[in-house]
A.B. asks: 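Sharing a structure with you now.
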Amino acid sequence: MLRALKLALLALIAIIVAAFAIGNRDGVVLSLWPFGLELALPLFLALEATLLIGLVLGGLVAWLRAGRHRTRARRLARRVEELEGELHRLRSGAARPAAPTAPAGPALNTAEAAPRLASSRDAA
């Protein structure tokens, strides 16, 4: 839908530009004052070239002004990738069975161990 709308808009602009060019084919003389140059060219070409130059310059200024936003977006995208990698590592580590933390050995009976610990402290 959006693509069809774009194509329709481009077709409309092309028709307007063509109609303007057909209606303004008379020649004009442009004087480029500081350089002492004069150009004889059709009126539509002078106007459309001026429009195109303005469009390019405006786009260049907008692109330059958005530079810090593009830099910030790249930096944030890198940070998101780092955090997603860390999240993936943490999730994959949590999915694994937990490793035993204490060495396997005979079960310690706390009722028997408490008097032994108390007597060893008294001897010292």
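As the structure is a prediction and not an experimental result, all values here were calculated from the model. All values below were derived from every heavy atom in this structure, side-chain atoms included, with hydrogens, water molecules and symmetry-related copies excluded.
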A.B. asks: side-chain contact (heavy atoms from CB on, under 4.5 Å) with Ile53: which of Leu57, Leu51, Leu55?
C.D. replies: Leu57

A.B. asks: Would a single hydrophobic cluster contain both Leu39 and Leu45, if residues Ile, Leu, Val, Met, Phe, Trp and Tyr are joined by side-chain heavy-atom contacts under 4.5 Å?
C.D. replies: yes

A.B. asks: CG/Leu10 to CD1/Ile15 distance, rounded to the nearest 0.5 angstrom?
C.D. replies: 11.0 Å

A.B. asks: With Glu82, which residues qualify under salt bridge (Lys or Arg N to Asp or Glu O under 4.0 Å), at least two apart?
C.D. replies: Arg79

A.B. asks: Going by the rule side-chain contact (heavy atoms from CB on, under 4.5 Å), which residues pair with Arg68 if we only count those two or more places apart in sequence or in a different chain?
C.D. replies: none

A.B. asks: Compile the donor-acceptor pairs under 3.5 Å between side chains in residues 69-76 and protein atoms, sequence neighbours left out, one pair per line.
C.D. replies:
{"residue": "Arg70", "atom": "NH1", "partner": "Trp63", "partner atom": "O", "Å": "2.9"}
{"residue": "Arg70", "atom": "NH2", "partner": "Trp63", "partner atom": "O", "Å": "3.2"}
{"residue": "Thr71", "atom": "OG1", "partner": "Gly67", "partner atom": "O", "Å": "3.0"}
{"residue": "Thr71", "atom": "OG1", "partner": "Arg74", "partner atom": "NH2", "Å": "3.4"}

A.B. asks: Over all heavy atoms of both residues, which pair between Phe20 and Phe44 is shortest? Give the atoms and the distance, please.
C.D. replies: CE2-CA, 3.8 Å

A.B. asks: Find the distance between CG (Leu60) and CZ (Arg65) and round it off to the nearest 0.5 Å.
C.D. replies: 12.5 Å

A.B. asks: Only counting residues at least two apart or in another chain, list the ones meeting side-chain contact (heavy atoms from CB on, under 4.5 Å) with Leu37.
C.D. replies: Leu32, Phe35

A.B. asks: Please report the C-alpha distance between Leu41 and Leu30 in whole Å, then the side-chain angles of each, then the deciding distance to 0.1 Å, and finally whether the side-chain contact (heavy atoms from CB on, under 4.5 Å) criterion is met.
C.D. replies: CA-CA 8 Å; Leu41 53 134; Leu30 293 179; 4.1 Å; yes

A.B. asks: What are the two closest heavy atoms between Arg25 and Pro42, and how far apart are they?
C.D. replies: O-CB, 3.9 Å

A.B. asks: Which distance, rounded to the nearest 0.5 Å, do you find between the NZ of Lys6 and the CZ of Arg3?
C.D. replies: 9.0 Å

A.B. asks: Donor-acceptor pair, Arg91 side chain versus His88 backbone, under 3.5 Å?
C.D. replies: no

A.B. asks: Holding to side-chain contact (heavy atoms from CB on, under 4.5 Å), I want the full list of residues that pass it with Ile13, two or more places apart in sequence or in another chain.
C.D. replies: Leu9, Val17

A.B. asks: Kindly write out the residues that satisfy side-chain contact (heavy atoms from CB on, under 4.5 Å) with Ala19, not counting sequence neighbours, or none if the list is empty.
C.D. replies: none

A.B. asks: Could you tell me whether the side chain of Asn24 reaches within less than 4.5 Å of the side chain of Leu47, counting heavy atoms only?
C.D. replies: no

A.B. asks: Output the distance between atom CG (Leu7) and atom CG (Leu12), rounded to the nearest 0.5 Å.
C.D. replies: 12.5 Å

